[in-house]
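Working notes for the structure below.
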Number of protein chains: 2
Amino acid sequence: MAQKVKLSTIADALGLSTATVSLALRDSPLVADVTREAIKEKARALGYIYNRRAASLRTSRSGIVGVCVHDVMNPFYGEILKAIEDELDRRRQTFLLCNHYDDLAKQRSFVDTLLQLGADGLILSPALGTSVDELSMAEENGLPVTLIARSLEGSGVSAFRGDDRYGMGLVVDHLASLGHRSIAYIGGTDATSTGRDREAGWVEALARVGIRPRPEWRIEGPRDRHSGFDAVRRFLAIPERPTAIACFSDLVALGVMYGLARSGIRPGADVAVSGYDDIDEAAIAMPPLTTVANGQSEVGRRAADALLARLAGQPSDGRVVLIRPELKIRSSSTGAASAAGGRPSP
Amino acid sequence: MAQKVKLSTIADALGLSTATVSLALRDSPLVADVTREAIKEKARALGYIYNRRAASLRTSRSGIVGVCVHDVMNPFYGEILKAIEDELDRRRQTFLLCNHYDDLAKQRSFVDTLLQLGADGLILSPALGTSVDELSMAEENGLPVTLIARSLEGSGVSAFRGDDRYGMGLVVDHLASLGHRSIAYIGGTDATSTGRDREAGWVEALARVGIRPRPEWRIEGPRDRHSGFDAVRRFLAIPERPTAIACFSDLVALGVMYGLARSGIRPGADVAVSGYDDIDEAAIAMPPLTTVANGQSEVGRRAADALLARLAGQPSDGRVVLIRPELKIRSSSTGAASAAGGRPSP
DNA sequence: CTGAAAGCGCTTACAG
DNA sequence: CTGAAAGCGCTTACAG
């Protein structure tokens, strides 16, 4: 490449100062229209590339927002991320993505990187075991944080997530209304707020309809399709096998359905199955999956808005916002042959 | 937050110069051991945060590598990305992720951002319609590029991808060996090298076994699960319906299988179905999916290595490296009830 | 409306 | 082994 083109290259070429060029390129009204156009034209002609490092060093604003979640490949996060991406794109922020895979060291190293780059903010779904100190450290160093999907008690940081307790309650009420009196619950861990709340929703709803859950109904752990598939073996080993399975997530449920089918058990017809999240695949799965729409895009949009508001100078209100979820009844629970409707069956 | 801690804060506190502090923190052998330890200790105590913008402005090395693909949520890219991430992590490079969704403007804006940030390199799966100029522009401005998954003829840029033509040939040979004489091909577009090569593989393999493909066997377009599902309607409308379907990707095949099942047609038993990519889900799907393992992690690892080699000063060799794929036979094609093995059936 | 000058926080020759 | 000084390419008061 030729000699690097910078502000002074343009300034010299036009007999102007770098100050004027800088202002013109950022559309300052201080610069005369003719001057501005001449400058922009010259910048284009010379192939000028704005040096954000230099600008950011001077202004201490980088235009970078970090986003860190467990795993971007998980469609649950995917839908949140799309919403965040749209919002940040519109505000011309660069969005730096990272998976932490629930590894605290990886999350910490990402936060360090953001601090070093002078990032403007962080949208985080905290890794298991994240301490409140971690977040205060970031905040104290000028990196505002907004949480998504998982909240962190006592952190004083705003969080946006679905009302998991209420949502799982909807599922269990629905299964009970179909006549099920033994409802297993597969997946998730009590190390996350999501895991705790969904499990609490299951327990509480069972209590409401007068069912006492047996310990063996609870199969903890699975959080993806593959481990859902594997969990079927444990489910089939339960004495007096439950007639319904509520799953921690759609991914787990889809794995469970594969696993049941593999064992010759028809999900929907032989065992009712439900998921959680209403990912795109739920509606076309075989059978179509009863689940809970979790407001992922609302979570993403509102979290991005909240962070951008803080960047604009507003203080954090530190509230945990629970998005109200919605039950989607499909044939994996009702056993109806077709996708539509929810005709009860025993 | 208190006054910002910088090199000079540490230098002043210890009665040293910033030069010494800078060298010590980067473990230069020029600094005496005692001095170095005292400096590191002080840095820790003061909560010093390295300012990468300043450093990078000075050195014109940013430690940032951009990675841009169609969609990180697609598990096909996911596996490549994991490999790239591992590799870059080990080399302490920050990895900036972006989806272009085959939108040229979005891709261009990402490349601009990288140039502005002074990124060290770019790993790209080029959006549909990417021109050779786009890449030369990046290269000329000091941003080395390595391509993954899709190559770009005449760009002179190194690319790593599976041998799609050969791989799709394996699939068709396999289906033909099972006795199928009418094999539809669903999904993909000839706007990408991947799409063109897989389709060519299908055409050529059919020719090898003496089958002339009918135009209606080719259903172009679908590239994800949902559009695969939707394509089944078109498939069912084909007169003299084919007995086998080769799909562009696993995602398409999984959608097709959902769609067939929804119409009461048993994939594997009534129609043979194959995918491509061997994503994690393929082995547990119902029925388990015959597919082609595509070497995603090898693609990712080798692309990252190639880019890092260029950053270390090696010139680009501009070669397109084709990773040899491997056929995985499962019951979606053979119709066998269980996952294992590949017993031929008519 | 435009220009001269300082400074953001590092690193790098160079000198000692 | 350590220090003084210049400079990376911007932006921002300040002056005119």
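Scope of the values below: all heavy atoms of this structure, side chains included, with no hydrogens, waters or symmetry mates. Throughout, a chain's letter reflects where its sequence line sits, starting with A, and its residues are numbered from 1.
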- [ ] With side-chain hydrogen bond (donor to acceptor under 3.5 Å, both in side chains) as the test, would you mind laying out the steps for Asn99(B) and Tyr101(B) before giving the verdict?
- [x] CA-CA 6 Å; Asn99(B) 301 313; Tyr101(B) 303 119; 3.0 Å; yes
[X] [atom1] - [N] [atom2] separation (whole Å):
X         : N       : atom1 : atom2 : value
Glu37(B)  : dC1(D)  : CD    : P     : 14 Å
Lys6(A)   : dG7(D)  : NZ    : C1'   : 9 Å
Leu57(B)  : dT12(C) : CG    : P     : 12 Å
Gln116(A) : dC10(C) : CD    : C1'   : 13 Å

Name each donor-acceptor pair under 3.5 Å that joins a side chain in residues 302-316 of chain A to protein atoms two or more places apart or in another chain, with its distance.
residue   : atom : partner   : partner atom : Å
Arg302(A) : NH1  : Glu298(A) : OE2          : 3.3
Arg310(A) : NH1  : Glu139(A) : OE1          : 3.3
Arg310(A) : NH1  : Glu139(A) : OE2          : 2.9
Arg310(A) : NH2  : Glu139(A) : OE1          : 3.0
Ser316(A) : OG   : Ser158(A) : OG           : 3.4
Ser316(A) : OG   : Gly318(A) : N            : 3.1

Open item on the list: side-chain contact (heavy atoms from CB on, under 4.5 Å), that's the test. Do Tyr48(A) and Thr9(A) meet it? Break it down for me.
Closed with: CA-CA 9 Å; Tyr48(A) 171 68; Thr9(A) 318; over 6 Å; no
TODO: Toss me the dot-bracket line for DNA chain C: Watson-Crick and G-U wobble, both under 3.5 Å, 5' to 3', using | for pairs to another strand and [ ] for crossers.
DONE: |||.||||||||.|||
TODO: Identify, residue by residue, the members of residues 7-17 of chain A with a heavy atom below 4.0 Å from DNA chain D, and return them in order of residue number, or none.
DONE: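 Correct list: Leu7(A).
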Open item on the list: Please check: side-chain N/O of Ser151(A) versus main-chain N/O of Leu147(A), any donor-acceptor pairing under 3.5 Å?
Closed with: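 No; judged by distance alone, with no hydrogens or angles, the pair does not exist.
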- [ ] For the pair Asp120(A) (side chain) and Val65(A) (backbone), establish whether a donor and an acceptor sit closer than 3.5 Å, ignoring hydrogens and angles.
- [x]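 The answer is no, because no donor-acceptor pair under 3.5 Å joins these two groups.
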Open item on the list: For Thr18(A), give me all partners under side-chain contact (heavy atoms from CB on, under 4.5 Å), at least two apart in sequence or on another chain.
Closed with: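 Residues passing side-chain contact (heavy atoms from CB on, under 4.5 Å) with Thr18(A): Leu7(A), Ser8(A), Ala11(A).
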Task: Positions of residues 44-54 of chain B (non-hydrogen atom under 4.0 Å from DNA chain C), listed by number - done: Tyr48(B), Ile49(B), Tyr50(B), Asn51(B), Ala54(B)
- [ ] Enumerate the residues from residues 19-33 of chain B whose closest heavy atom to DNA chain C is under 4.0 Å, giving them by residue number; use none for an empty result.
- [x] Ala19(B), Ser22(B), Arg26(B)
- [ ] Please test Val111(B) against Leu124(B) for side-chain contact (heavy atoms from CB on, under 4.5 Å), starting from the C-alpha separation and ending with a verdict.
- [x] CA-CA 10 Å; Val111(B) 170; Leu124(B) 176 70; 5.8 Å; no
Distance-only donor-acceptor pairs under 3.5 Å for side chains of residues 73-80 of chain A, two or more places apart:
residue  : atom : partner   : partner atom : Å
Asn74(A) : OD1  : Phe76(A)  : N            : 2.8
Tyr77(A) : OH   : Ser125(A) : OG           : 3.2

TODO: Might you work through the side-chain contact (heavy atoms from CB on, under 4.5 Å) test for Ile323(B) and Arg161(B), ending with a clear yes or no?
DONE: CA-CA 6 Å; Ile323(B) 312 288; Arg161(B) 57 191 195 82; over 6 Å; no
Open item on the list: Once salt bridge (Lys or Arg N to Asp or Glu O under 4.0 Å) is applied, what residue pairs with a partner in residues 144-155 of chain B remain, sequence neighbours excluded?
Closed with: Asp102(B)-Arg150(B), Glu153(B)-Arg196(B)
Between the protein and nucleotides 14-16 of chain C, list the N/O to N/O atom pairs that are separated by less than 3.5 angstrom.
none

Task: Check: Leu128(B) and Thr192(B) side chains under 4.5 Å, non-hydrogen atoms - done: yes
Task: side chain to side chain donor-acceptor pair (under 3.5 Å) partners for Ser297(B), two or more places apart - done: none
TODO: Could you list the residues that satisfy side chain to side chain donor-acceptor pair (under 3.5 Å) with Asp33(A), not counting sequence neighbours?
DONE: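 So Asp33(A) forms a side chain to side chain donor-acceptor pair (under 3.5 Å) with Arg36(A).
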List the atom pairs, donor and acceptor, that lie under 3.5 Å between side-chain atoms in residues 88-98 of chain B and the rest of the protein, sequence neighbours left out.
residue  : atom : partner  : partner atom : Å
Arg90(B) : NH2  : Glu87(B) : OE1          : 2.7
Arg90(B) : NH2  : Glu87(B) : OE2          : 3.0
Thr94(B) : OG1  : Arg52(B) : NH2          : 2.9

Open item on the list: Walk me through whether Ile64(A) and Leu117(B) qualify under side-chain contact (heavy atoms from CB on, under 4.5 Å).
Closed with: CA-CA 10 Å; Ile64(A) 292 175; Leu117(B) 290 172; 4.2 Å; yes
Open item on the list: Nearest to the side chain of Thr35(A), heavy atoms from C-beta on, is which of dG9(C), dT11(C), dC1(C)?
Closed with: dC1(C)
